[in-house]
Amino acid sequence: MTDSRTPFSAQLRIGVSGLGYLGATHAVCMATLGYRVVGYDVDEGKVQALSRGILPFYEPGLPELLREMQATGRLSFTSDLDDVAEFADVHFVCVGTPQARDSDAADLTYVDAAFTALAQRISRRALLVGKSTVPVGTAERLTALVAEHALAPAEVELAWNPEFLREGFAVEDTLNPDRLVFGVASEWAERQLRGVYAPMLERGTPLVVADLATAELVKVAANAFLATKISFVNAMAEVCEAAAADVGLLARALSYDERIGGRFLKPGLGFGGGCLPKDIRAFSHRAEELGVGKAVGFLREVDEINLRRRARMVDLIREAAGGDLRGVRVAGLGAAFKPDSDDVRDAPALDVARMLYLEGADVRIYDPQANENAHRVYPDLEYVSSLAEAAAGADVVALLTEWREFVDADPGELGDLVAQRRIVDGRRVLDAGRYRAAGWEYSSLGGAVTTRVAADVRRAG
Ligand code: UDX
C-alpha cells in the first residue's frame with residue numbers, strides 16, 4: 001500500500017477558477033496556508049476589483065485577509081486563463097451552478113465551460129478539482145468531457161471536493177471545516193488533495209475519501225437535510241398557529257433531545273439564499289432523472305412549506321393592518337436572506353416585500369448591507385438608508401431578516417417614529433414582552449409567544 005500521508009508542501013501551486021463567493025474565499029484561504037495562488041475569472045470587473053483588494057460582496061473578515069495575502073505576494077488574480085493553466089498543480093473549479101431558467105435542474109453551462117477551457121490549455125501534470133455543487137453524475141460526465149478536449153489527456157485528472165461554507169462564516173468554515181470530503185478516482189488524486197489540506201488533516205479534521213459520485217451527493221444530501229430540518233419546524237409552526245400553541249417553546253423542548261439538536265430548528269420565515277432552495281430543487285430533478293424521484297419526493301413538500309411561510313407572513317401583516325394592505329405603510333426590516341450577508345438570492349424578506357407591494361402596500365425597506373443588491377432585483381420597491389427612515393410613519397413594522405440592529409432596537413424609541421405601534425416578527429427574535437409593555441400590538445409567525453417570558457423565568461429559577 002502506498003503511504004497516503006503526503007507532507008505539507010508550501011511549493012504547491014494552486015489555481016482557482018471562478019471568483020464568486022466560494023472561489024474568492026477559497027483563493028484567499030489557500031494563500032493563508034502558504035501556497036502560491038492565482039485566481040481566475042472571466043469577469044474582468046471582478047478580477048480588477050479583487051486585484052485592488054476590493055471584495056465584490058459582503059463577508060466579515062475576508063477583505064482584511066484578502067489584502068493581507070496580496071501583500072505577501074502569494075495571491076494574485078487574472079482574467080487570462082493561460083496564466084493559470086501552466087501555473088497550477090491543483091486547480092479548484094468554483095463556478096456557479098444556478099437554477100436553470102426553464103426548469104428545476106442546475107444550469108451546468110459554467111462548470112462545463114470551466115473544465116473544458118482548462119483541459120484545452122493544460123500541458124503539464126495537474127489535478128482538476130470541482131468544488132461547485134452539482135447533480136450526481138456530473139464529475140463522471142466531466143471526466144469524459146475533459147478527456148475529449150484535453151491538450152494532454154494523460155496529464156490531467158479530475159476529483160471532487162465539495163465545500164460546505166456558510167455565508168457570514170466563510171473564512172472560519174473554509175479554514176476550520178468540520179469535515180473534508182475527497183471524491184477521487186486514483187491514489188495520486190487522493191495524495192494531491194491530502195497535500196493541499198495537510199494543515200487541516202494534521203489538526204485531526206475528519207476526512208471521508210470516496211468515489212466521485214458519493215462526494216457529489218454528500219453536498220446535496222447535507223443541504224437537503226438542513227432544508228428539511230428548517231421546514232420540519234416550520235410545519236410545526238403551522239400546526240402551532242392552528243392550535244394556539246407556541247412553536248418557539250416546542251422547538252426548544254425538542255432541541256434538548258441530543259438526537260434532534262437545536263441547530264437549524266429555528267422557526268420563522270424560512271430558508272433562502274443561493275444554495276438551499278436551488279439545491280433541493282436540482283436534487284429532486286436529478287433523482288427523477290435517475291428514476292428515484294419518489295425517494296426524495298418529500299423535498300417538494302419541504303420547498304412548499306418554506307414558500308408557504310412567506311405567504312403566511314403577508315397574511316399576518318394584512319391582519320395587523322386591519323384586513324387590507326392598499327395604501328398601508330409598511331416598514332420592511334431586512335432584505336438579505338439572512339443577517340450578516342448582502343445576498344438577496346431567493347431571499348424570503350424580499351419576496352414578502354414584493355408580495356406586499358403587489359397588494360398595494362407602501363413598503364419601505366431597510367437592510368444594513370443588502371439595499372443595493374435588492375434594488376438591482378426589484379427596482380420598483382422603495383429602499384431607505386436607516387431603520388428610523390423605514391419606521392417613520394409606518395402603520396405596520398415587519399421584521400423580515402434578523403439583523404442585530406433590529407433585534408436590539410428599543411421598542412419605546414421605535415414607537416415614537418411609527419404611526420401605529422404594530423409589529424409582526426417574522427423571525428421570532430424580538431422580546432414580545434418588551435414590545436407589548438411599550439404599547440405595541442405584537443404578533444409573530446408560528447403562533448403565540450405569550451408564554452415565553454414566563455417559561456424563561458421558570459427555567460432561570
Ligand atoms: C448553506 C449551508 O449551511 C452550507 O453548508 C452550504 O455550503 C451552503 O448553503 P448559507 O446559504 O450560507 O449556507 O446559509 P445558512 O446559514 O445555512 O442559512 C440558510 C437559510 O436558512 C437562511 O435563509 C436562514 O435564515 C435559514 N434558517 C437557518 C432558518 O430559517 N432557520 C434555521 O434554524 C436556520
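In listed order, ligands and their atoms are each counted from 1. Residues take their numbers from the sequence shown, with the count starting at 1. Predicted model only: the values in this text are computed from it and were never measured.
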(request) Hey, could you give me the CZ/NZ distance between Phe57 and Lys46, rounded to the nearest 0.5 Å? (result) 8.5 Å
(message) Name the residue from Leu175, Asp173, Thr174 that meets the side chain to side chain contact (heavy atoms under 4.5 Å, CB included) definition with Val171.
(response) Leu175
(request) Could you tell me the residue and atom name of the protein heavy atom closest to atom 34 (C) of ligand 1, and the distance to it rounded to 0.1 Å? (result) Phe264 CD2, 3.7 Å
(message) When you measure from the heavy atoms of Gly268 to every atom of ligand 1, does any distance fall below 4.0 Å?
(response) no
(message) Give me the nearest non-hydrogen protein atom to atom 5 (O) of ligand 1 as residue plus atom name, then the distance to 0.1 Å.
(response) Phe164 O, 2.8 Å
(request) Could you tell me whether ligand 1 has any atom less than 4.0 Å away from a heavy atom of Cys275? (result) yes
(message) Among all the protein's non-hydrogen atoms, which is closest to atom 20 (C) of ligand 1, and how far away is it?
(response) Phe271 CB, 3.5 Å
(request) Consider ligand 1: state whether an atom of it lies below 4.0 angstrom from any non-hydrogen atom of Glu163. (result) yes
(message) To check your reading of the model: name the closest protein heavy atom to atom 16 (O) of ligand 1, its residue, and the distance in Å.
(response) Lys338 NZ, 2.8 Å
(request) Please write down residue, atom name and distance for the protein heavy atom closest to atom 12 (O) of ligand 1. (result) Glu167 N, 2.7 Å
(message) Please list the nearest protein heavy atom to atom 31 (N) of ligand 1 with its residue and the distance rounded to 0.1 Å.
(response) Lys266 O, 3.1 Å
(message) When you measure from the heavy atoms of Arg427 to every atom of ligand 1, does any distance fall below 4.0 Å?
(response) yes
(message) Tell me the protein heavy atom at minimum distance from atom 7 (O) of ligand 1, and give that distance in Å.
(response) Leu165 O, 2.9 Å
(request) Determine, for Phe337 and Arg345, whether the Lys NZ or Arg CZ falls below 6.0 Å from the six-membered ring centre while staying within 45 degrees of the axis. (result) no
(request) Have a look at ligand 1 and work out which part of Leu265, if any, has a heavy atom under 4.0 Å from it: side chain, backbone, both or neither. (result) backbone
(message) To check your reading of the model: name the closest protein heavy atom to atom 27 (N) of ligand 1, its residue, and the distance in Å.
(response) Ile230 CD1, 3.5 Å
(message) Could you check whether any heavy atom of Lys219 sits closer than 4.0 Å to an atom of ligand 1, since that is the contact criterion I want to use?
(response) yes
